[in-house]
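Residues: numbered from 1 along the sequence shown.
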Amino acid sequence: MSPLRKIGAFTAALAAAFGAAYGIGGAVAPVDAGRAQEAAHASMTDDGGHAEPGSAAAHTPGGLQVSERGYTLDLETTSLPAGARTTLRFVVRDAQGAPVTAYRTEHGKQLHLVLAARELTAYRHLHPARAADGTWSVPVELPEAGGYRVFADFTPAAAREGLTLGSDLAVTGRYAARALPAAARTATVDGYTVRLDGTLTPGRESDLTFTVSRAGRPVTALQPYLGAYGHLVALRSGDLAYLHVHPHEEARGTTVSGPEVAFTATAPSTGTYRLFLDFEVGGRVHTASFTAATGTHGH
């Protein structure tokens with residue numbers, strides 16, 4: 001076969017492979033594209049530059065790597081259908097490849113699982129159950145087709161510090177591109193209005209305060225959720241770097257139940273971030289979402 005014909009045959013085979021991965025019909029969430037993204041993200045430093053070979057992973061924000069400090073997030077479920085309630089399964093493995101079965105309890109749970117769409121328009125904070133063999137599982141229904149990032153936040157019993165590992169998940173179905181929501185100081189969820197005050201400052205600790213109200217009145221009946229009166233997850237737009245944040249009342253030991261919930265967060269770089277605040281009232285958890293660019297809020 002001539003070289004040109006060989007190239008043509010290879011191209012056709014490659015196109016067929018991609019077509020099978022994307023599924024039948026219109027634009028459907030890719031199944032394997034996330035793996036390439038994951039590899040690219042794992043080789044990036046905080047400022048977006050490429051990491052030098054052998055550079056320390058300690059300077060990489062959480063969630064960008066599938067393996068860190070001898071632990072690996074092994075997704076047994078790599079694809080889910082949009083709009084259907086299914087079960088997500090995964091295992092955390094140690095340096096020898098054995099499932100980890102002993103964890104420390106952090107914020108009331110042994111492992112926190114966060115799922116976020118690449119466009120940061122869909123978000124889930126879940127707490128899976130662990131079987132005796134170390135397999136974690138949790139029922140989940142994701143509303144939008146497309147690429148997702150799965151974050152496992154945990155502390156193995158044998159480790160001194162916690163870590164956040166990330167892996168890519170494909171959600172199949174008809175895909176429609178979605179823009180990142182515009183930055184705003186307020187968000188409304190389930191009849192509650194939440195106001196954000198504070199500024200994300202690159203490379204420095206920043207105070208972020210959320211004030212919860214309903215029908216114009218302050219909400220002073222917030223209930224403890226995961227050891228505090230609110231739980232905040234912050235993700236960087238683009239690579240979905242996972243920021244660790246800490247509630248103020250946890251550090252001070254106060255028992256104020258609203259309307260304000262305050263956190264300290266450190267943005268690793270300039271950019272735009274998506275903030276997800278979980279708070280509980282009347283036994284129900286609500287999630288308020290914000291888009292914040294560094295250096296813009298609080299002015």
K.L.:
Apply side-chain contact (heavy atoms from CB on, under 4.5 Å) to Ala187 and list each qualifying residue two or more places apart in sequence or on a separate chain.
P.N.:
Ala288, Phe290

K.L.:
Give the intermediate values and the outcome of side chain to side chain contact (heavy atoms under 4.5 Å, CB included) for residues Leu113 and Phe90.
P.N.:
CA-CA 11 Å; Leu113 190 73; Phe90 63 94; 3.9 Å; yes

K.L.:
Please list, chain by chain and in numerical order, all residues satisfying side-chain hydrogen bond (donor to acceptor under 3.5 Å, both in side chains) with Thr270, sequence neighbours excluded.
P.N.:
none

K.L.:
Minimum heavy-atom separation for Gln65 and Arg149, please, with both atom names.
P.N.:
N-NH2, 4.0 Å

K.L.:
Any salt bridge (charged side-chain N to carboxylate O under 4.0 Å, His left out) involving residues 126-141? Give me the pairs, sequence neighbours left out, ordered by first then second residue.
P.N.:
none

K.L.:
Test side chain to side chain donor-acceptor pair (under 3.5 Å) on Thr264 and His248; report intermediate values, then the result.
P.N.:
CA-CA 7 Å; Thr264 297; His248 284 187; 2.8 Å; yes

K.L.:
Any side-chain heavy atom of His286 sitting closer than 4.5 Å to one from Asp278?
P.N.:
no

K.L.:
Any side chain to side chain donor-acceptor pair (under 3.5 Å) pairs touching residues 215-227, not counting sequence neighbours?
P.N.:
none

K.L.:
Within the supplied structure, the quantity of interest is the number of heavy atoms (other residues, nucleotides, ligands) at a distance under 6.0 Å from Glu205 CD; does it exceed 12?
P.N.:
no

K.L.:
Please examine the side chains of Val233 and Tyr123, heavy atoms only from C-beta on, and report whether any two atoms are closer than 4.5 Å.
P.N.:
yes

K.L.:
Tell me every residue that passes side-chain contact (heavy atoms from CB on, under 4.5 Å) with Thr164, counting only those two or more places apart in sequence or in another chain.
P.N.:
Phe151, Asp153, Tyr242, His244

K.L.:
Taking only residues at least two apart or on different chains, which pairs with a member in residues 102-115 satisfy salt bridge (charged side-chain N to carboxylate O under 4.0 Å, His left out)?
P.N.:
none

K.L.:
Show the numbers, then the answer: is there a side chain to side chain donor-acceptor pair (under 3.5 Å) between His127 and His112?
P.N.:
CA-CA 5 Å; His127 299 109; His112 298 265; 3.0 Å; yes

K.L.:
Which pairs with one or both residues in residues 85-101 pass salt bridge (charged side-chain N to carboxylate O under 4.0 Å, His left out), sequence neighbours excluded?
P.N.:
Asp74-Arg93

K.L.:
Search all heavy atoms of Leu232 against all heavy atoms of Val245 and return the closest pair with its distance.
P.N.:
O-CG2, 2.7 Å

K.L.:
So, do Trp136 and Tyr103 have ring centers that fall under 6.0 Å from each other?
P.N.:
yes

K.L.:
For Arg214, which residues count as a side-chain contact (heavy atoms from CB on, under 4.5 Å) partner, sequence neighbours excluded?
P.N.:
Tyr192, Val219

K.L.:
Holding to side-chain hydrogen bond (donor to acceptor under 3.5 Å, both in side chains), I want the full list of residues that pass it with Tyr71, two or more places apart in sequence or in another chain.
P.N.:
none

K.L.:
Can you name the side-chain hydrogen bond (donor to acceptor under 3.5 Å, both in side chains) partners of Ser237, sequence neighbours left out?
P.N.:
none

K.L.:
Output all residues satisfying side-chain contact (heavy atoms from CB on, under 4.5 Å) with Thr201, sequence neighbours left out; order by chain, then residue number.
P.N.:
Thr199, Arg204, Ser206

K.L.:
Under a 4.5 Å cut-off applied to non-hydrogen side-chain atoms, are Val114 and Arg124 in contact?
P.N.:
no

K.L.:
Any heavy-atom pair between the side chains of Tyr229 and Pro259 that's under 4.5 Å?
P.N.:
no

K.L.:
Measure the CD-OH distance between Glu144 and Tyr175 for me, rounded to the nearest 0.5 Å.
P.N.:
9.0 Å

K.L.:
Excluding sequence neighbours, so at least two apart, what forms side-chain hydrogen bond (donor to acceptor under 3.5 Å, both in side chains) with Arg274?
P.N.:
Thr291

K.L.:
Going by heavy atoms in the side chains, are Leu243 and Pro268 under 4.5 Å from each other?
P.N.:
yes

K.L.:
Does Leu235 form a side chain to side chain contact (heavy atoms under 4.5 Å, CB included) with Tyr273? I'd like the steps, not just the answer.
P.N.:
CA-CA 6 Å; Leu235 301 173; Tyr273 293 80; over 6 Å; no

K.L.:
Do Leu208 and Leu200 make a side-chain contact, defined as non-hydrogen atoms from C-beta onward lying under 4.5 Å apart?
P.N.:
yes

